[in-house]
Amino acid sequence: ELEKSLERYYYVSEATSDAIYDGNIATKKLLWSNSFEATFGFSEKESSFKQHLTRIHAADLPLFKRKTFGALRTENQNTWTVEYRIKDNAGCYRYVIDRAFIIRQNGQAV
């Protein structure tokens, strides 16, 4: 079942033009889909949360932190949506609407 689920995830991420990423709280890593890489020009397939924050426009960073970290800390909240600018690999800012689904174990975001 896990293998089938991973295969479906792979095909969905390849079929969409959406920039998909997965964040792991324990490792503090972000893993990017090929569409994320194509959209923003990042050649690496993963980044750290800390590195991602450095790419967010300074004027948008407080809102981003409030929305995302607030959602992660709120036990009964399982999503967030936030609009911000992120710097691509060429140094240009792009507007994104970041929608996330939070996976929890025993009430804690994972």
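In this text, all values refer to a predicted model and were calculated from it rather than measured experimentally. All values below were derived from every heavy atom in this structure, side-chain atoms included, with hydrogens, water molecules and symmetry-related copies excluded.
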Verdict with reasoning, L63 to V82, per side-chain contact (heavy atoms from CB on, under 4.5 Å): CA-CA 8 Å; L63 175 65; V82 61; 3.9 Å; yes

By ring-ring contact (aromatic ring centres under 6.0 Å, His included), which residues pair with W32, not counting sequence neighbours? F36, F42

Less than 4.5 Å apart, any side-chain heavy atom of L30 and any of D22? no

Tell me, please, which residues at least two apart from E75 pass salt bridge (Lys or Arg N to Asp or Glu O under 4.0 Å). none

Among residues at least two apart in sequence or on other chains, which ones pass side chain to side chain contact (heavy atoms under 4.5 Å, CB included) with A59? H57, R85

Side-chain heavy-atom pair I102, T79 within 4.5 angstrom cut-off: no

Which atom names give the shortest non-hydrogen contact between H52 and F64, and what distance separates them? CD2-CZ, 4.3 Å

Summary of salt bridge (Lys or Arg N to Asp or Glu O under 4.0 Å) pairs that have at least one residue in residues 28-41, sequence neighbours excluded: K29-E46, E37-K45

A71 versus R104, closest heavy-atom pair with distance: O-NH2, 2.7 Å

Under the rule for side chain to side chain donor-acceptor pair (under 3.5 Å), what residues qualify as partners of T39, not counting sequence neighbours? none

Which residues satisfy the side chain to side chain donor-acceptor pair (under 3.5 Å) test with T68, sequence neighbours excluded? none

Do D98 and Y84 make a side-chain contact, defined as non-hydrogen atoms from C-beta onward lying under 4.5 Å apart? yes

From I103 CD1 over to N78 CG, what is the distance, rounded to the nearest 0.5 angstrom? 10.0 Å

Salt bridge (Lys or Arg N to Asp or Glu O under 4.0 Å) partners of R94, counting only residues at least two apart: D88

For F69, ring-ring contact (aromatic ring centres under 6.0 Å, His included) partners two or more places apart: none

Look only at the side chain of S5 and the backbone of E1, and say whether a donor-acceptor pair between them is shorter than 3.5 Å. no

Could you state the interatomic distance from NZ (K65) to CG (L53), rounded to the nearest 0.5 Å? 6.0 Å

Under a 4.5 Å side-chain heavy-atom rule over Ile, Leu, Val, Met, Phe, Trp and Tyr, are V96 and L31 clustered together? no

Rounded to the nearest 0.5 angstrom, the CG-OH distance for D60 and Y95 is 7.0 Å

All side chain to side chain contact (heavy atoms under 4.5 Å, CB included) counterparts of T81, not counting sequence neighbours: I97, R99

Heavy-atom closest contact (A19 atom, S35 atom, distance): CA-OG, 3.8 Å

Could you note down all residue pairs passing salt bridge (Lys or Arg N to Asp or Glu O under 4.0 Å) where residues 47-57 supplies at least one of them, sequence neighbours left out? E44-R55

Could you pull out all residues at least two apart from T54 that satisfy side chain to side chain contact (heavy atoms under 4.5 Å, CB included)? Q51

Within the structure provided, determine whether F40 and I86 are in side-chain contact (heavy-atom separation under 4.5 Å). yes

Could you tell me which residues satisfy side chain to side chain contact (heavy atoms under 4.5 Å, CB included) with I20, sequence neighbours excluded, listed by chain and number? Y9, S13, T16, D18, S33

Do I25 and Y21 belong to the same hydrophobic cluster, where Ile, Leu, Val, Met, Phe, Trp and Tyr are linked whenever their side-chain heavy atoms lie under 4.5 Å apart, directly or via other members? yes

To the nearest 0.5 angstrom, please state how far the CG atom of L2 sits from the NZ atom of K4. 12.0 Å

Which atoms form the tightest heavy-atom contact between L72 and A109, and what is the distance? CD2-CB, 3.7 Å

